[in-house]
Number of protein chains: 2
Amino acid sequence: MTEQRRRATVVDVALEAGVSRGTVSRYVNGGHYVSSEARQAIEAAIRKVGYTPNTAARSLVRQRTQAVGFIVHEPHSVFLEDPNIGVIMLGANSALSTRDYQMVCLIVDSERDTDRVSRYLSGGFVDGAIVVSARDRDPILSVIERLGLPAAFVGHPPGITAPFIGIDNRGASAAITQRLMQTGRRKIGMIAAALDRDSGADRLAGFREALGIAYDPELVVRVPLYSFLDGAAGMRTLLERAPDVDGVVAASDAVAAGALQTLLESGRSVPRDVGLVGFDDSSWATRTTPALSTVHQPAEGIGRAAAEAVLEQIRTGDIGAGGLVLDTSIVWRGSA
Amino acid sequence: MTEQRRRATVVDVALEAGVSRGTVSRYVNGGHYVSSEARQAIEAAIRKVGYTPNTAARSLVRQRTQAVGFIVHEPHSVFLEDPNIGVIMLGANSALSTRDYQMVCLIVDSERDTDRVSRYLSGGFVDGAIVVSARDRDPILSVIERLGLPAAFVGHPPGITAPFIGIDNRGASAAITQRLMQTGRRKIGMIAAALDRDSGADRLAGFREALGIAYDPELVVRVPLYSFLDGAAGMRTLLERAPDVDGVVAASDAVAAGALQTLLESGRSVPRDVGLVGFDDSSWATRTTPALSTVHQPAEGIGRAAAEAVLEQIRTGDIGAGGLVLDTSIVWRGSA
DNA sequence: TTGAAAGCGCTACCAC
DNA sequence: GTGGTAGCGCTTTCAA
């Protein structure tokens, strides 16, 4: 057991070096207008007293923290299973890092978290925020809006004016559904997930659009989350309703992986008996056998773009609006 | 485009309400010693000027931030693939949340990140830190030590005096290896990973210990990371060296999943031809077919315990030492 | 090139 | 109960 020691301050350094606090501060911030004698004295003093600047105090006077929050609002299971979130996060971190901003990731996982994170955001600990997977009427959104905090959203929660970065979920979903139809499947179902989010709703809309008059609501199973378990369960339901289904569009790769497990357990062969496609092109897609045909989305680019959007607002001081839609492509593998 | 508005301060509220800053402050911090007239005036003023307290400024005077850093120092791929890190993180978040502490997750993913995160930690933005998967001689460790920052480590990097939370990797590895031997396997290999970390080295040591004189270094393939891809590659190497291998101990579930893919591709059946065991009991374990026999470790409990250890040090003001080793168990499923 | 002094937004101590 | 005042640790004019 050691007692915590008091941290040294500029004053300690100034006293030790025999100069003023101002001079120490100037030295710390680039060393301009500091004579070489002063510099040396200060360097020695810093070493001697073990000084590290309190950047939090600096933030107070400069009115900026050089930190950006990355807020993940997902239930447990999805956060753990969706590799896309991780990729987006690393993309954002990398972009922020380049400009010497600190990304601080905040997890919202309970009612209590919502309040605390809101306080944290409004409390001046960050200069901006990136929000992934906000739900409709998310309390955090109103906090950000009220504060006028520079922000960017991944996905597009309705009613948001801040910039958002996304993909054309509807178009991509329609495209891969069509591609699946071209393989000659006659009875195509969908395991739709996360319908309380724009991404989930749009993927279903795209599916419906592609099928046109062939669309049969009976063949759409709705599950709550983009998760493996929901995918497996959804597939069981779909098989009960339509044992002769020969094509399945899953709302995400994790969902598809779960569906695949159910299909194999039921004795069906993929893609021979059933063609299956996913969405995301996450690491799930190549970890299954057969590998998943799916929609590739540039997750890292999304993270980067979101970070840029926030930095831009911080730089200009204007709260920007408008969205950025990045391109997707279809990756055809073995599952369909 | 809207311009950012200046945030209201206590002074604005005080002026508006016709009371002093002190009274406003007292109201904000629990409302003791505030008359009901004052209270009402303040409430109205807060609404009118749109005041949100700057908790960063509060931190400066109180000398505590109510925030704890959660530092993940992993290369890309592992962070994304290791569901254990996510579970540990949620466990820590949950424990911190209960005590109204904000967990801020900081990702170290480059040289540059190391410096920036070090500055962030020493800059007074957090009251303590939880560090997962530090490597030997990690620069962040020395920063924490020099600062006397309350901290806890997940795993046990050598030379660390701060509390650590871990499991008996060596014992657990020996146990599951023995269990695998009992199924009658004669030629057992290991895909060892992350040997630059105590967990990786200890798992290999346990394997060796269990095999005793039967240990054959030729049957140990070393790969850098606890990852699916390294598992797949490691298994290929192992099969080249010993096509007649009939048992495999993988250093983690992700590694085992990769190994499984290689085994199936090579036309072998698991568990008939080869018995395979993993480590972690992460979500990988039940997503493979057959599901993995593995070592269960209480990931969420590890996160919780790490958080408690940090909070305890913050509370007492003493930098504690010593470790906590949590129990593991073997979960036997279909892969061996 | 330097030091003195003001002040970032807040809390806490003090008399009243 | 309340207002005044002194800082938390730092940066940043402004004179010298």
Side-chain angles (χ1 to χ4, degrees), chain A residues 4-42 45-46 49-67 119-127 147, chain B residues 4-42 45-46 49-67 119-127 147:
Chain A
Q4 281 178 59
R5 39 189 178 282
R6 189 185 73 84
R7 300 251 257 269
T9 73
V10 232
V11 179
D12 299 318
V13 176
L15 249 45
E16 181 68 32
V19 299
S20 76
R21 305 147 48 169
T23 306
V24 174
S25 178
R26 260 174 277 127
Y27 167 80
V28 171
N29 295 283
H32 304 302
Y33 300 99
V34 179
S35 66
S36 65
E37 305 98 73
R39 181 190 325 283
Q40 288 176 5
I42 292 170
I46 285 180
V49 303
Y51 171 70
T52 50
N54 182 323
T55 43
R58 168 186 296 168
S59 302
L60 188 58
V61 35
R62 290 213 191 145
Q63 302 285 61
R64 61 198 161 78
T65 60
Q66 293 281 106
R119 255 156 39 216
Y120 193 85
L121 292 179
S122 46
F125 284 104
V126 295
D127 296 340
L147 248 44
Chain B
Q4 281 178 61
R5 40 188 179 281
R6 188 185 73 84
R7 300 252 257 270
T9 72
V10 228
V11 180
D12 300 316
V13 176
L15 250 45
E16 181 67 33
V19 298
S20 77
R21 303 146 49 165
T23 306
V24 174
S25 179
R26 260 174 277 129
Y27 167 79
V28 171
N29 295 284
H32 303 302
Y33 301 100
V34 179
S35 66
S36 65
E37 305 98 74
R39 182 191 324 283
Q40 287 176 5
I42 292 171
I46 286 181
V49 304
Y51 171 71
T52 49
N54 183 323
T55 43
R58 169 187 294 166
S59 301
L60 188 58
V61 37
R62 290 216 189 140
Q63 301 286 62
R64 62 198 159 78
T65 60
Q66 293 282 105
R119 255 154 42 214
Y120 193 85
L121 292 179
S122 46
F125 285 102
V126 295
D127 296 340
L147 248 45

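All heavy atoms count here, side chains included; hydrogens, waters and symmetry mates do not. Below, chain A is the first sequence line, B the second, and so on; all start at residue 1.
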Legend entry - Euclidean distance, atom CD1 of residue B:Ile42 to atom C1' of D:dT2 [Å, nearest integer]: 10 Å
Inset, instruction - Check the distance between D:dG9's P and A:Tyr27's OH and give it to me in whole angstrom. - result: 21 Å
Inset, instruction - Whole angstrom is fine here: how far is it from CG in A:Asn54 over to C1' in D:dG7? - result: 14 Å
Legend entry - 5′-ward residue of the pair B:Ser35/A:Val10 relative to DNA chain D: B:Ser35
Inset, instruction - Assign B:Val19 to base, sugar-phosphate, or nothing according to its heavy-atom contacts below 4.0 angstrom with the strands shown. - result: sugar-phosphate
Inset, instruction - Walk me through it: do B:Tyr27 and B:Val19 pass the test side-chain contact (heavy atoms from CB on, under 4.5 Å)? - result: CA-CA 11 Å; B:Tyr27 167 79; B:Val19 298; over 6 Å; no
Inset, instruction - Let me know, please, whether B:Asn29 or A:Val61 comes out on the 5' side of the other along DNA chain C by nearest nucleotide. - result: A:Val61
Inset, instruction - Using atom CZ of A:Arg58 as one end and atom P of C:dC8 as the other, report the distance to the nearest whole Å. - result: 19 Å
Inset, instruction - Please state whether the phosphate of D:dG9, meaning OP1 or OP2, lies under 4.0 angstrom from any side-chain nitrogen or oxygen of A:Thr9. - result: no
Inset, instruction - Assign B:Tyr51 to base, sugar-phosphate, or nothing according to its heavy-atom contacts below 4.0 angstrom with the strands shown. - result: sugar-phosphate
Inset, instruction - Would you state whether a donor and an acceptor, one from the side chain of A:Arg26 and one from the base of C:dG3, lie under 3.5 Å apart? - result: yes
Legend entry - Note, A:Val13 side chain near A:Ile42 side chain (heavy atom, < 4.5 Å): yes
Inset, instruction - In whole angstrom, give the distance that lies between atom OH of A:Tyr33 and atom P of D:dT11. - result: 17 Å
Legend entry - Atom of A:Gly124, atom of B:Ala56 and distance for their closest heavy-atom approach: O-CB, 3.7 Å
Inset, instruction - May I ask you to say what B:Val28 touches in the nucleic acid, namely base, sugar-phosphate or nothing, with a heavy-atom cut-off under 4.0 Å? - result: nothing
Inset, instruction - By nearest nucleotide on DNA chain D, pick out whichever of B:His32 and A:Val11 is the more 5' one. - result: B:His32
Inset, instruction - Starting at atom CG of B:Leu60, determine the distance to atom C1' of D:dC10, rounded to an integer number of angstrom. - result: 8 Å
Legend entry - Interatomic distance, A:Arg58 atom CZ to A:Arg64 atom CZ [nearest 0.5 angstrom]: 9.0 Å
Legend entry - Whole angstrom value for the distance that separates C1' of C:dA6 from CZ of A:Arg62: 17 Å
Legend entry - B:Ser20 side-chain N/O to D:dG3 phosphate OP1/OP2 under 4.0 Å: yes
Legend entry - Atom-to-atom span, CZ of A:Arg64 to C1' of D:dT11 - whole angstrom: 11 Å
Inset, instruction - Mind checking the CZ-OG1 spacing from A:Phe125 to B:Thr55? Nearest 0.5 Å is all I need. - result: 4.5 Å
Legend entry - Phosphate OP1/OP2 of C:dG3: any A:Thr23 side-chain N/O under 4.0 Å: yes
Inset, instruction - Indicate, with a heavy-atom threshold strictly under 4.0 Å, whether B:Ala56 touches base, sugar-phosphate, or nothing. - result: nothing
Inset, instruction - Respond yes when some side-chain nitrogen or oxygen of A:Gln63 is under 4.0 Å from OP1 or OP2 of C:dG9, and no when none is. - result: yes
